[in-house]
Each structure stands twice: as structure tokens, then as C-alpha cells.
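Structure first, then comments.
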Amino acid sequence: MSRSGYTLPVFACAAAVAALHWLRHHQPLNVVNIDLITPAEIVEILIEQVAGISENTALAITRSDPGDNLDLTKNTPIWATVEWYTGDGESVIIKGGEGIGKQLNNENQAAIYTYAQNLIKENLQRLLAPGEKIIVTIILPEGRSLAVRTSNAAFGVVEGLSLLGTSGISQPLSTPDQLTAFRSDLQNKASEFQSLVFCIGENGLDLAQKWGINPQQLVKTANWLGPLLVEANLLGVKEILLFGYHGKLMKLAGGIFHTHHHLADGRREILAAHCAIASLPALEINRVFHSPTAEAALKHLRDLDSKTASNWTAQIYSSIAETIDIRSQEYIKSHSDRDINTTVCGSVLFDRNREIIIKSKTGCVLMEKLC
């Protein structure tokens, strides 16, 4: 059985709690209790070091433990400084320090997303007396160097890592144990809703909620899209909206239903094929095919549209989205009892700036229902 650990926001929160304790009592804590909020669970987090920096500021250090997840942040140190402040503003202000990424599409704000913000604020506000105010700064000393090994830049986050996630629990995303956990979550939600939204990763989960989709209808799939589509059909789910980053989701248009890059890729072949279907000139197809990433290919198509007043991007991505829907329903049919009504699939693809590129026809209908 795989061992679950905790996500980065939990350790950032723990360090902040320990630093606040030092400010108030001038005593170190070796362990702090953190309310994960999601799930509703109290956990103990070890603290490595706590020190006062000045009369009004303290620093605490902990270390990431994502369990058996093959996470590059395993054992990385997480620092938090807490300082008293007076004046107007919230009781807890959260800032990103060194190693926390910046969001290019959001005025370079720190990449500290909704769950992390809520987790830190709720745990710290409980410890403040009326009128007390603090500034919390999260620091990842190794964040900048680790970020170059992630896909953060594909989502418009630079110079560090994100504090991203919708839960405090970190679990392996590609093991059979995790598929079992995902299936259990799907079964619970299928018993309540006839329409569900499949999100491959945390960016999709976060963005879907910002679009107003009920979090209880969101199902995280990681790379297990094929098995979970079949499971949803067997459970009687009538509609599924596939909501994902285009560089991942387009693999379904090529019949790839386990999307981990170690198993299959095919993105440039899929893009080039749909460019040809749309009758893009051969020279441009060649440039798309040789683009280093799906994001670079998308940028090339958008630049071409801008220069030539064309709409190649919409044509090509519309073709991809419609094919995703068709291939998904064909996949379900090929793995299900023919007497069962096939779940209707729609798709929505977004880019590195977390902006929607295209919705399939069915995707548009489902979005109107869900938002």
C-alpha cells in the first residue's frame, strides 16, 4: 500500500504556525498541529528549526514529505517568516518570497493559490488575538532550481514553484493504489450527480472552480482518463466534461487514454494531422510539427493568425476538441456493455495562461449547465 504524505501548502502553513508561536512565546515548537480543512483532518508536522530574526519577525523551517509520491519536492526545505504589522489590511497577509513562482498572467502575483491561501489564513487566524495582524512570507530556497524541472512555465509560472492544490493530502498519481482512490471518489460523486467534470491535474481543478463549477462535481483523474471514463459509464453518469490543459488533453484525439508522457506522447503528430485536415499550408504544418512544445505550436498558430488575419487556431483546435469527444465515446463503447447508454463527452482546452482556447460543441452545452 502506498504511503500518503502532504502537499506543499501544508508544510508552508506549519512553518508559519511555528514562527507565530515563537513571536508570541519566544519558544520553539518541534511539532505543530495543522487543520487540513480539505479533508477535515488534524495532522502533525515536524518543525526543524525556529528562530527570532528581530523583535517583530520570526523564521521557522520544515521539510516537505509527499509520501510515496514521486515528487521532486521530496525533502525540500520550506521556510516561513511571520512579522507583526499595524495599519489597514487583513489580519493575515500572505506573500511569496524567494523560490515561490510568479504568475505572468496575473500581474506577477505570487503563485500561491486558493487552497494554500485558505489553509494558511484559517490556521493562523485562530491563533491571533482580536486586532493582531501578521505578514506571512513563504520561501522555498530550492524553488527556483527545482522549477526548471517542472511544467510550471507551461502554465505561466516563472522563477519558482507553485503552492497549488485542492487538498492537503499528497498521493502518488500513477500507481494502482491511486487509481483505486480515484475510482472511489468517482463512485461517490456519481451517486450524487449525473454530470461530472474530469480534470487531469490541479490546474484544471483550480480553474474549473474559478469558472463557477461546483467542486463536488470535479473528479481528479491524473493520467487515468481511460479507466475512469469506462467506470463513469458503468456507474450511469450521463455527461462528462473533459477540462484540461491542451498539451495533455489533445492526446485523447490520438486515441491515447493513459496520458503519462513515459507511456505515449504523439502531441506533435496530432497537431500536425489536424493542421493538415484544416488545409494549413505545408510549410506551416512543418513548423508546427517541429515546435518544441504544444504551447510553442499554439503560439505559432496564434502569431500566424495575427499576421494574416486568419483563424487557423480556432479551426485546428475545434477539430481537435471534436475529435476528443468522438474518440472518448468510442473508447467507452469499446470497453463497455453495448446495452449500456454511452456517456456523453464534451471537452474544454485551456492554455498556459489558464485561458480557454476552445470548447467543443458538447463542451459548450455542458459548460452552460455546470457554470
> Do Glu122 and Asn118 have a side chain donor and acceptor closer than 3.5 Å?
Replying inline: no

> Can you check whether Ile47 reaches Val32 side chain to side chain, under 4.5 Å on heavy atoms?
Replying inline: yes

> Does Ala110 offer a backbone N or O that forms a donor-acceptor pair with the side chain of Gln103 under 3.5 Å?
Replying inline: yes

> Does Ile356 belong to the same Ile/Leu/Val/Met/Phe/Trp/Tyr cluster as Leu104, with side-chain heavy atoms less than 4.5 Å apart forming each link?
Replying inline: no

>> Tell me if a side-chain donor or acceptor on Asp65 pairs with a main-chain N or O of Lys74 at a distance below 3.5 Å.
In response: no

> Which word best sums up how the rings of Trp22 and His26 line up, parallel for under 30°, tilted for 30 to 60°, or perpendicular for over 60°?
Replying inline: perpendicular

> With a 4.5 Å limit on heavy-atom distance, are the side chains of Asn30 and Leu46 in contact?
Replying inline: no

> If you look at every heavy atom in Ala14 and Ile34, which pair is closest and at what distance?
Replying inline: CA-CD1, 3.7 Å

>> For a quick test of reading the model, state the closest non-hydrogen atom pair linking Ala294 to Leu271 and the distance between them.
In response: CA-CD1, 4.4 Å

> side chain to side chain contact (heavy atoms under 4.5 Å, CB included) between Arg268 and Ser291: does it pass, once the steps are laid out?
Replying inline: CA-CA 8 Å; Arg268 65 180 189 174; Ser291 295; over 6 Å; no

> Do Thr76 and Glu142 have a side chain donor and acceptor closer than 3.5 Å?
Replying inline: yes

>> Tell me if a side-chain donor or acceptor on Asn123 pairs with a main-chain N or O of Asp35 at a distance below 3.5 Å.
In response: yes

>> Please tell me whether Ile100 and Trp79 are part of a single hydrophobic cluster in this structure, the criterion being side-chain heavy atoms less than 4.5 Å apart.
In response: no

> Short question: side chain of Ser64, backbone of Thr73 - any donor-acceptor pair under 3.5 Å?
Replying inline: yes

> Can Phe11 be reached from Leu59 by stepping across I, L, V, M, F, W or Y side chains whose heavy atoms are under 4.5 Å apart?
Replying inline: no

> Taking it one step at a time, do Tyr317 and Met250 satisfy side chain to side chain contact (heavy atoms under 4.5 Å, CB included)?
Replying inline: CA-CA 9 Å; Tyr317 272 86; Met250 71 169 61; 3.8 Å; yes

>> Surrounding NZ of Lys238 (heavy atoms of other residues, nucleotides or ligands, distance under 6.0 Å), is the total greater than 12?
In response: no

>> Between Ser319 and His274, do the side chains contain a donor N or O and an acceptor N or O under 3.5 Å apart?
In response: yes

>> Looking only at the side chains, is there a donor atom on one of Lys333 and Asn233 sitting less than 3.5 Å from an acceptor on the other?
In response: no

>> Rounded to the nearest 0.5 Å, what separates atom CD1 in Ile94 from atom CG in Leu119?
In response: 9.0 Å

> Side-chain contact, heavy-atom cut-off 4.5 Å: Leu36 with Tyr6?
Replying inline: yes

> Is Leu8 linked to Val158 within one hydrophobic cluster, defined over Ile, Leu, Val, Met, Phe, Trp and Tyr using a side-chain heavy-atom separation of less than 4.5 Å?
Replying inline: no

> Does the distance from a Lys or Arg side-chain N to an Asp or Glu carboxylate O, for Arg354 and Asp206, drop under 4.0 Å?
Replying inline: yes

> Under 3.5 Å, side chain of Thr57 to main-chain N/O of Ser54, donor-acceptor pair present?
Replying inline: no

> Do Phe243 and Met367 come close enough that some side-chain heavy atom pair is under 4.5 Å?
Replying inline: yes

>> For the residue pair Ser360 / Thr362, report whether a side-chain donor-acceptor contact shorter than 3.5 Å exists.
In response: no

> Run the side chain to side chain contact (heavy atoms under 4.5 Å, CB included) check on Lys210 and Thr114 step by step: do they pass?
Replying inline: CA-CA 10 Å; Lys210 288 181 177 177; Thr114 304; 4.1 Å; yes

>> Between Asp303 and Arg287, does any side-chain N to carboxylate O distance fall below 4.0 Å?
In response: no

> Under 30°, 30 to 60°, or over 60°: which ring-plane class applies to Tyr245 and Phe350, parallel, tilted or perpendicular?
Replying inline: tilted

> How far apart are the closest heavy atoms of Pro77 and Pro141, and which atoms are they?
Replying inline: O-CD, 3.5 Å

>> With a 3.5 Å distance limit and no angle check, can you tell me whether Asn353 reaches the backbone of Glu355 through a side-chain donor-acceptor pair?
In response: no

> Okay, side chain of His290, backbone of Asn286: is any donor-acceptor separation there less than 3.5 Å?
Replying inline: yes

> Taking C-beta and beyond as the side chain, do Val136 and Thr81 meet within less than 4.5 Å on heavy atoms?
Replying inline: no

>> Before you tell me yes or no, could you show the steps for Asn75 and Arg63 under side chain to side chain contact (heavy atoms under 4.5 Å, CB included), namely the whole-Å CA-CA distance, both residues' side-chain angles and the distance that decides it to 0.1 Å?
In response: CA-CA 5 Å; Asn75 294 323; Arg63 198 169 289 270; 4.2 Å; yes

> How far does CZ of Phe289 sit from SG of Cys275, to the nearest 0.5 angstrom?
Replying inline: 11.5 Å

> Testing Leu196, Val197, Leu241, Leu370 for side chain to side chain contact (heavy atoms under 4.5 Å, CB included) with Leu218, which one passes?
Replying inline: Val197

>> Going by side chain to side chain donor-acceptor pair (under 3.5 Å), name the residues that satisfy it together with Glu90, two or more places apart in sequence or in a different chain.
In response: Lys121

> Is a side-chain N or O of Thr221 found less than 3.5 angstrom from the main chain of Asn223, in a donor-acceptor match?
Replying inline: no

> Hey, are the side chains of Glu239 and Val365 touching, using non-hydrogen atoms and a 4.5 Å cut-off?
Replying inline: no

> To the nearest 0.5 Å, how far apart are CD in Glu284 and NE2 in His300?
Replying inline: 4.0 Å

> Hey, quick one: are Leu146 and Ile139 part of the same hydrophobic cluster, counting side-chain heavy atoms closer than 4.5 Å, chains of contacts allowed?
Replying inline: no

> What heavy-atom pair brings Ala278 and Gln315 nearest, and what distance separates the two atoms?
Replying inline: O-OE1, 4.1 Å

> Is there a donor-acceptor contact under 3.5 Å from the side chain of Ser347 to the main chain of Leu242?
Replying inline: no

> Atom CG in Leu249, atom CG in Leu349: separation rounded to 0.5 Å?
Replying inline: 4.5 Å

> Nearest heavy-atom pair of Lys220 and Gly201: which atoms, and what distance?
Replying inline: CE-CA, 4.4 Å

> Would one find more than 12 heavy atoms of other residues, nucleotides or ligands at under 6.0 Å from atom CD of Glu192?
Replying inline: yes

>> For a salt bridge (Lys or Arg N to Asp or Glu O under 4.0 Å) check, start with the C-alpha distance between Asp351 and Lys299, then their side-chain angles and the critical distance, and finish with the verdict.
In response: CA-CA 10 Å; Asp351 63 13; Lys299 183 179 184 302; over 6 Å; no

>> Surrounding NZ of Lys133 (heavy atoms of other residues, nucleotides or ligands, distance under 6.0 Å), is the total greater than 12?
In response: yes

>> Under a plain distance cut-off of 3.5 Å, with no hydrogens placed, do Gln187 and Glu231 share a side-chain donor-acceptor pair?
In response: yes

>> I'd like to know if the side chain of Thr38 reaches the main chain of Gly168, judged simply by a donor and an acceptor atom lying under 3.5 Å from each other, with no hydrogens or angles considered.
In response: no

> Rounded to the nearest 0.5 Å, how far does CD of Gln216 lie from CG of Asn188?
Replying inline: 10.0 Å

> Is the shortest distance from a Lys or Arg side-chain nitrogen in Glu322 or Lys361 to a carboxylate oxygen in the other one below 4.0 Å?
Replying inline: no

> Among Thr323, Thr313, Asn311, Ile358, whose side chain to side chain contact (heavy atoms under 4.5 Å, CB included) with Ser318 holds?
Replying inline: Ile358

> With side chains defined as the heavy atoms from C-beta onward, is the minimum distance between Val219 and Lys189 less than 4.5 Å?
Replying inline: yes

> Taking all non-hydrogen atoms of both residues, which atom of Ala80 and which atom of Ile138 are closest, and how far apart?
Replying inline: CB-CD1, 4.0 Å

> Are side-chain heavy atoms of Leu229 and Phe198 found at a separation under 4.5 Å?
Replying inline: yes

